[in-house]
Amino acid sequence: MESLRRNTQLILALDVTDVKNAIRVSKDTAEYVDAVKIGYPLVLGTGLGIINDICKFAPVIADFKVADIPNTDHLICSQAFEAGASAVIVHGFTGRDSVLECVRTAKKYEGDIFVVTEMSHPGAVEFMQPKALELASIAVECKASGVVAPATRPERVRQIRGVVENLTIISPGVGAQGGSAADAIRAGADHVIVGRSIYGSKTPGIEAEKIVKEIEKCR
Ligand code: O7M
């Protein structure tokens, strides 16, 4: 694992859409986060250069949920790593060849790939849940660095942990979506991903610190 320190076990989901807010929240929370996850809302709102700006505060995970043919996957991942990302999040449902190409590309940059398994929202039970353990095993086979698993369903995090063994599990769905940081960590997540509860607060640093303290208690 190149991209993530495992210190606070908190990853900030920076889903704001303007540079000023992005810098303010990143600065305020920098001492409490192991990484910042940046996805379409912020990159489409500000441009890809925002990755380099936020890198100054913490390693950046580019959440582009890459899901294409291998050649296009390679092009997308390369752009994210060239822009300064330490890791890229990809889907696994496109198959082993696509995931393998992402992992191959990441290696060139000494970066990491995280594969989405079962998502945290209610609709994930329709198509993703029945295939989640298979998606997790594709991540293992393709030598990805880790997987994304739902903090809203700690029992599923536990089952996914059983499949991925020592891969890193990053887990969204804490706070605004109803999941608990402590439950996700106890179920086997290495990091929780938190967005709105932190960036939506007037005091993002204080909110981040609260979550870090909650995690510390269950270690
Ligand atoms: O704490 P929130 O709900 O405001 O934000 C959660 C973040 O995690 C947000 O950026 C989502 O897009 C993302 N996410 C999920 O909420 N659920 C998932 O299953 C997967 C992700 C994610 O990051 O995928 C890689």
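Remember, predicted model here, so these are calculated numbers, not experimental data. Values below: every heavy atom of this structure, side chains too, minus hydrogens, waters and symmetry copies. Order of appearance sets the numbers: ligands from 1, and atoms from 1 within every ligand.
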Pairwise distance CG(Asp63) to CD1(Ile11) - rounded to 0.5 angstrom: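 Answer for the CG-CD1 pair, Asp63 versus Ile11, is 10.5 Å.
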I need the atoms of ligand 1 closer than 4.0 Å to a non-hydrogen atom of [X], numbered in the order shown.
{"X": "Asp63", "result": "22 (C), 23 (O), 24 (O), 25 (C)"}
{"X": "Ser120", "result": "15 (C), 16 (O), 17 (N), 18 (C), 19 (O)"}
{"X": "Asp15", "result": "9 (C), 10 (O)"}
{"X": "Arg196", "result": "1 (O), 2 (P), 3 (O), 4 (O)"}
{"X": "Ile89", "result": "25 (C)"}
{"X": "Ala13", "result": "7 (C), 10 (O)"}

Return yes if some donor-acceptor pair links the side-chain N/O of [X] with the main-chain N/O of [Y] below 3.5 Å, else return no.
{"X": "Arg153", "Y": "Met119", "value": "yes"}
{"X": "Ser201", "Y": "Ser197", "value": "no"}
{"X": "Thr17", "Y": "Leu42", "value": "no"}
{"X": "Thr152", "Y": "Gly173", "value": "no"}

Minimum-distance protein heavy atom relative to atom 13 (C) of ligand 1: Lys37 NZ, 3.7 Å
Please state which protein non-hydrogen atom is closest to atom 1 (O) of ligand 1 and give its distance, to 0.1 Å? Gly195 N, 2.8 Å
Only heavy atoms count here, so choose which of Pro41, Ala149, Pro172, Gly200 is nearest to atom 18 (C) of ligand 1.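 Heavy atom nearest to atom 18 (C) of ligand 1 belongs to Pro172.
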Test item: side-chain donor near acceptor, Glu207 and Tyr199, under 3.5 Å: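 No.
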Salt-bridge present (Arg6, Asp190; N to O < 4.0 Å):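 So Arg6 pairs with Asp190 through a salt bridge.
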For ligand 1, find out whether one of its N or O atoms is nearer than 3.5 Å to an N or O atom of Gln177.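 Yes, there is a polar N/O contact under 3.5 Å.
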Under a 4.0 Å heavy-atom limit, does Lys65 contact ligand 1 with its side chain, its backbone, both, or neither? side chain
Looking only at non-hydrogen atoms, find the nearest pair between Ile185 and Gln9 and report the distance. CD1-NE2, 3.8 Å
